[in-house]
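Here, residue 1 is the first one in the sequence, and each next residue gets the next number. Whatever order the structure lists ligands and atoms in, that order sets their numbers, starting from 1.
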Amino acid sequence: MNSEDISITNKLLSTAKKIVVVGHKNPDGDAVGSCLGLCNFLKQNGHQVQVVMPNDFPDFLKWIPEASSIINYEQNFEETKAAIQQAEIIFTLDFNALNRTGGLAIELEQATADFILIDHHQQPDNYAVVTYSDVGMCSTSEMVFHFMEALDGVELLNKEIATQLYVGIMTDTGSFRFPATTATTHRVIANLIEAGANNSTIHQNVYDTNSPDRLKLLGAALNNMVMLPEFRTAYITISQNELNENNFKKGDTEGFVNYALSMSGVIFAIIFIENKKEDIIKISLRSKGDFSVNEFSRNHYNGGGHTNAAGGRSLKSLTDTTEEFISILLRYKKELNES
Ligand code: 5GP
Ligand code: MN
């Protein structure tokens with residue numbers, strides 16, 4: 001954070017305020033962890049704070065301290081709307097554009113509050129009085145730690161904040177293995193463990209929660225995997241029928257795309273998941289090295305994210321989407337083989 005942003009933030013927070021902290025649609029571990037950690041910190045500073053999400057988050061994140069205090073727009077429409085209207089400050093965390101909050105964007109656009117953005121995605125929109133954006137950061141949760149440092153508040157770090165931020169950093173770094181994981185990330189993690197985060201228990205709580213249904217769905221997904229060695233690419237499809245047959249629950253497909261990327265020689269992996277309710281194909285893209293799935297998704301799937309991890313959607317059928325994907329790939333053959 002630069003000194004001007006620190007002083008604007010300090011001024012805004014110098015008296016007790018009504019604050020809302022918002023994460024993105026389909027909240028992941030980093031969205032939930034960073035929002036809850038920041039909320040806890042702000043509460044300790046005497047503010048009245050409510051964490052708000054556009055919709056529900058997966059069960060494997062429900063155990064996180066204070067997670068039950070989160071309200072979501074889909075299930076608590078009036079309460080969420082009122083909190084946003086009454087807020088004097090709104091922190092938006094782990095996303096770069098208000099449309100990443102789905103239907104909640106309309107409420108946010110009408111809010112009278114001052115916005116503070118904390119995020120590590122590329123190309124942030126310009127809607128906040130303070131834009132703390134750092135695309136080199138592994139996670140928004142690490143940025144919340146640096147935010148506390150910038151505000152001279154690290155002594156407020158407690159076991160709950162440490163646990164919340166640990167979840168966000170662990171999940172967004174693929175357990176500390178993605179390239180954005182730095183020596184500083186590990187120093188932050190050391191601080192969190194010293195403050196009471198139990199690394200082994202947290203890992204088990206998040207990752208050792210498979211249901212037989214989820215593993216069967218993974219089996220179906222891997223069965224559908226297609227290798228395209230000439231493009232150093234692999235893709236996976238999951239139909240709505242396959243989701244139904246395996247009693248799909250929110251979060252069940254999280255991480256599936258990484259199996260495709262884990263194959264030797266693959267630098268670009270993509271998963272297409274049919275969603276009949278929303279009438280879209282949800283797309284997750286991952287890459288290794290310089291090949292930017294952020295650009296790929298922006299150009300073809302109305303999405304975005306980071307260089308090596310992005311999301312998007314298609315309005316075509318599952319078959320048409322995969323056929324189109326292969327035709328798009330032809331244009332990237334050289335780039336994929338050189339990166
Ligand atoms: P996932 O594939 O796990 O849904 O998303 C991968 C990364 O891309 C995450 O950091 C997520 O926040 C971001 N992302 C997912 N969908 C979109 C999208 O539609 N637009 C943008 N800008 N980012 C996205
Ligand atoms: Mn994140």
Side-chain angles (χ1 to χ4, degrees), residues 21-38 53-55 57-58 60-61 91-102 104-105 117-125 127 132-147 164-176 178-181 185 188 221 235-236 238 250-261 268-273 275 278 280-287 292-315:
V21 180
V22 190
H24 56 78
K25 191 172 176 197
N26 301 324
D28 57 7
D30 191 30
V32 174
S34 61
C35 286
L36 287 173
L38 179 68
M53 294 291 174
N55 58 352
F57 52 93
F60 65 82
L61 301 172
F91 281 86
T92 66
L93 265 60
D94 202 35
F95 63 87
N96 54 2
L98 293 180
N99 66 16
R100 291 279 294 123
T101 64
L104 193 52
L117 171 152
I118 305 180
D119 181 45
H120 65 137
H121 292 91
Q122 294 179 352
Q123 296 138 303
D125 275 359
Y127 58 81
Y132 174 29
S133 159
D134 188 343
V135 300
M137 282 282 159
C138 71
S139 60
T140 303
S141 295
E142 179 177 333
M143 296 178 75
V144 168
F145 183 89
H146 297 310
F147 179 85
Q164 291 152 347
L165 299 185
Y166 191 102
V167 171
I169 297 173
M170 179 187 78
T171 52
D172 254 30
T173 57
S175 299
F176 317 107
F178 296 153
T181 314
T185 308
V188 170
Y235 74 87
I236 294 174
I238 307 181
K250 196 179 248 314
D252 276 355
T253 57
E254 198 91 14
F256 282 11
V257 65
N258 293 321
Y259 287 92
L261 193 66
F268 180 25
I270 185 161
I271 187 166
F272 300 100
I273 304 170
N275 182 332
E278 292 187 29
I280 58 164
I281 307 298
K282 168 81 182 88
I283 303 171
S284 283
L285 310 91
R286 301 290 185 268
S287 68
S292 171
V293 288
N294 171 50
E295 291 302 327
F296 196 95
S297 186
R298 272 175 191 269
N299 290 338
H300 306 292
Y301 296 132
N302 195 25
H306 313 280
T307 303
N308 296 132
R313 65 204 54 78
S314 157
L315 302 176

At the Mn ion (ligand 2), OD1 of D94 and OD2 of D172 open up to roughly (10° bins) 170°
| request: Fit a plane to each ring of H24 and F95, take the angle between them on a 0 to 90° scale, and name the class: parallel (under 30°), tilted (30 to 60°) or perpendicular (over 60°). | output: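 Geometry flag for F95 against H24: perpendicular rings.
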Taking the inter-plane angle between the rings of F296 and F268 on a 0 to 90° scale, is it parallel (under 30°), tilted (30 to 60°) or perpendicular (over 60°)? perpendicular
Counting heavy atoms not belonging to F178, are there more than 12 under 6.0 Å from its CZ? yes
| said: Need the atom name: nearest N/O/S atom of D30 to the Mn ion (ligand 2). | reply: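 When I compare the N, O and S atoms of D30, OD2 is nearest to the Mn ion (ligand 2).
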To check you understand the geometry: which heavy-atom pair defines the closest contact between V32 and M53, and what is its length?
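Smallest interatomic distance, heavy atoms only, reads CA-CE, 4.0 Å.
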Check: Of the non-hydrogen atoms in G168 and S139, which two are nearest, and what is the gap between them?
Finding: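 Smallest heavy-atom distance, with atoms named: O-CB, 4.0 Å.
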message = Within 2.8 Å of the Mn ion (ligand 2), is there any N, O or S atom belonging to H120?
response = yes
Taking the basic N atoms (NZ, or NE/NH1/NH2) and the acidic carboxylate oxygens, is any pair closer than 4.0 Å for E254 and K282?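 Salt bridge: no.
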One pair per line, please: each N/O atom of ligand 1 matched with every protein N/O atom under 3.5 Å away, atom names first, then the distance to 0.1 Å.
| residue | atom | partner | partner atom | Å |
| --- | --- | --- | --- | --- |
| ligand 1 | 2 (O) | S284 | OG | 2.6 |
| ligand 1 | 2 (O) | R286 | NH1 | 3.0 |
| ligand 1 | 2 (O) | R286 | NH2 | 3.3 |
| ligand 1 | 2 (O) | A310 | O | 3.4 |
| ligand 1 | 3 (O) | R286 | NH2 | 3.0 |
| ligand 1 | 4 (O) | K282 | NZ | 3.3 |
| ligand 1 | 8 (O) | G311 | N | 3.4 |
| ligand 1 | 10 (O) | H121 | NE2 | 2.7 |
| ligand 1 | 10 (O) | H306 | NE2 | 3.2 |
| ligand 1 | 12 (O) | R100 | NH2 | 3.0 |
| ligand 1 | 12 (O) | H121 | NE2 | 3.1 |
| ligand 1 | 14 (N) | R100 | NH2 | 3.4 |
| ligand 1 | 14 (N) | G304 | O | 3.4 |
| ligand 1 | 19 (O) | R313 | NH2 | 3.0 |
| ligand 1 | 20 (N) | G304 | N | 3.3 |
| ligand 1 | 23 (N) | R100 | NE | 3.4 |
| ligand 1 | 23 (N) | G304 | O | 3.0 |

- Task: Please report the C-alpha distance between F256 and Y235 in whole Å, then the side-chain angles of each, then the deciding distance to 0.1 Å, and finally whether the ring pair (Phe, Tyr, Trp, His ring centres under 6.0 Å) criterion is met.
- Result: CA-CA 11 Å; F256 282 11; Y235 74 87; over 10 Å; no
